[in-house]
Peer 1: 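Have a look at the structure that comes next, please.
We count ligands from 1, going down the list as the structure has it; atoms in each ligand are counted the same way.
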Amino acid sequence: MNGLDIFSLAGRRALVTGANTGIGQGIAISLARAGAEILAVGRSSMDETIDAIEAHGGKVVPVMSDLSDSVGAAAALERSWDELGPIDILVNNAGIIRRGDAVDFSEADWDDVMDVNLKSVFMLSQALARKAFTEERPAKIINIASLLSFQGGIRIVSYTAAKSGLAGLTRILANEWAARRINVNAIAPGYIITNNTKVLREDPVRSAEILKRIPAGHWGKPEDIGGTAVFLASAASDYVHGAIFPVDGGWLAR
Ligand code: NAP
């Protein structure tokens with residue numbers, strides 16, 4: 001293997017959840033440009049992502065699945081594997097956020113976030129590992145964590161609990177599966193311009209506070225996460241296990 005070939009994803013198939021918009025869309029496009037065929041998983045139309053990938057000659061197949069039903073999502077992964085072929089890369093990106101003071105936070109806002117942001121990640125990872133072990137194939141799992149995997153945050157209690165849990169999940173799955181050729185790692189994006197952060201960006205006080213703390217001096221864009229995803233999906237990261245990579249404009253270094 002020479003030069004940049006080590007980052008090539010030619011011949012690989014990558015399942016990306018929440019690929020219709022935001023960070024998931026940015027990652028799907030980056031993986032496709034590195035050569036991977038994309039299974040774009042989610043509950044909304046994938047047309048925008050399909051157009052962007054096909055414009056560069058890439059291959060993408062939409063797979064409709066609501067990740068609040070984690071058993072159904074795992075079944076969709078198994079079906080995709082059986083019908084379309086082995087999955088080499090799983091990007092657990094889909095996520096939701098609910099805001100409110102902890103003292104008033106509802107059980108539904110706790111459960112909804114846990115189901116999508118943590119339980120479905122585990123169930124999809126388990127489904128992939130079972131298939132990979134049965135067929136004795138290697139695989140790469142990339143979880144999309146958060147600054148809230150390291151910090152407490154404010155008014156997002158279920159999100160912080162889920163993203164902190166996701167850091168632990170990344171480590172334990174790496175411990176159990178590293179010797180069986182599955183790499184489990186995570187990316188912790190900083191403040192990225194997506195639907196998830198719309199409320200913060202529209203709040204002039206919070207928005208200014210956040211911007212002031214980012215050493216890079218600006219918010220990130222979805223495509224800023226793509227390069228690290230390509231690295232973690234490729235042979236370049238074969239000896240990387242259980243790591244959580246901040247891609248945050250320097251926020252955590254502050
Ligand atoms: P986003 O634009 O709101 O995207 C969230 C994605 O998750 C969408 O594709 C959404 O699909 C999908 N999703 C949510 N619930 C789903 C469900 N039940 N079934 C299937 N798909 C579902 O936000 P984003 O910022 O790109 O978020 C992507 C990931 O990055 C999340 O895990 C988020 O926590 C994480 N993150 C974001 C930031 C940031 O600053 N933006 C920072 C750190 C981490 P729909 O469009 O159909 O709702």
Peer 1: Pairs of nitrogen or oxygen atoms closer than 3.5 Å, one from Ala19 and one from ligand 1: do any exist?
Peer 2: no
Peer 1: Just jot down the ligand 1 atoms closer than 4.0 angstrom to any heavy atom of Ile96, in number order.
Peer 2: 14 (C), 15 (N)
Peer 1: If I apply the N/O under 3.5 Å rule, does Asn93 come out as touching ligand 1?
Peer 2: yes
Peer 1: If I apply the N/O under 3.5 Å rule, does Asn117 come out as touching ligand 1?
Peer 2: no
Peer 1: Quick check: Gly95 and ligand 1, any N/O pair under 3.5 Å apart?
Peer 2: yes
Peer 1: Which atoms of ligand 1 are found less than 4.0 Å from any heavy atom of Val116?
Peer 2: 15 (N), 18 (N)
Peer 1: Give a yes or no answer on whether the side chain of Ser106 reaches the backbone of Asp109 with a donor-acceptor pair at less than 3.5 Å.
Peer 2: yes
Peer 1: Report, in ascending order of atom number, the atoms of ligand 1 lying under 4.0 Å from any heavy atom of Ile144.
Peer 2: 29 (C), 30 (O), 35 (C)
Peer 1: Are Gly220 and ligand 1 in contact, using a heavy-atom cut-off of under 4.0 Å?
Peer 2: no
Peer 1: Salt bridge check, Arg206 against Glu209: does any charged N sit closer than 4.0 Å to a carboxylate O?
Peer 2: yes
Peer 1: Take every heavy atom of Lys163, measure it against each atom of ligand 1, and state whether any distance is under 4.0 Å.
Peer 2: yes
Peer 1: For ligand 1, which atoms sit closer than 4.0 Å to a heavy atom of Asn195?
Peer 2: 2 (O), 3 (O)
Peer 1: Is Lys163 reaching over with its side chain to a backbone N or O of Ile144, donor-acceptor style, under 3.5 angstrom?
Peer 2: yes
Peer 1: Could a heavy atom of Tyr159 be found less than 4.0 Å from some atom of ligand 1?
Peer 2: yes
Peer 1: Closer than 4.0 Å to some heavy atom of Tyr191 - which atoms of ligand 1 meet that?
Peer 2: 40 (O)
Peer 1: Which atoms of ligand 1 have any heavy atom of Asp66 under 4.0 Å away?
Peer 2: 17 (C), 18 (N), 19 (N)
Peer 1: Using non-hydrogen atoms of the residue, decide whether Ala73 is closer than 4.0 angstrom to ligand 1.
Peer 2: no
Peer 1: Using a strict 4.0 Å cut-off to heavy atoms of Thr197, name the atoms of ligand 1 that fall inside it.
Peer 2: 39 (C), 40 (O), 41 (N)
Peer 1: In terms of relative ring orientation, are Phe231 and Phe7 parallel, tilted or perpendicular, with 30° and 60° separating the classes?
Peer 2: tilted
Peer 1: Report yes or no: does Ser234 contribute a side-chain atom to a donor-acceptor pair with the main-chain N or O of Leu9 at less than 3.5 Å?
Peer 2: no
Peer 1: Please determine which of Lys140, Arg13, Arg137, Arg12 meets the side chain to side chain donor-acceptor pair (under 3.5 Å) test together with Asp88.
Peer 2: Arg137
Peer 1: Has the side chain of Thr160 got a donor or acceptor atom that lies under 3.5 Å from a matching backbone atom of Val157?
Peer 2: no
Peer 1: Give a yes or no on whether Leu84 atom CG has more than 12 heavy-atom contacts from other residues, nucleotides or ligands under 6.0 Å away.
Peer 2: yes
Peer 1: Side chains of Asn196 and Thr194 only: does a donor on one sit below 3.5 Å from an acceptor on the other?
Peer 2: no
Peer 1: So if I count the atoms of ligand 1 from 1 in the order they appear, which ones are less than 4.0 Å from some heavy atom of Ala145?
Peer 2: 43 (C), 44 (C)
Peer 1: With respect to Gly24, determine whether any N or O atom, backbone or side chain, lies less than 3.5 Å from an N or O atom of ligand 1.
Peer 2: no
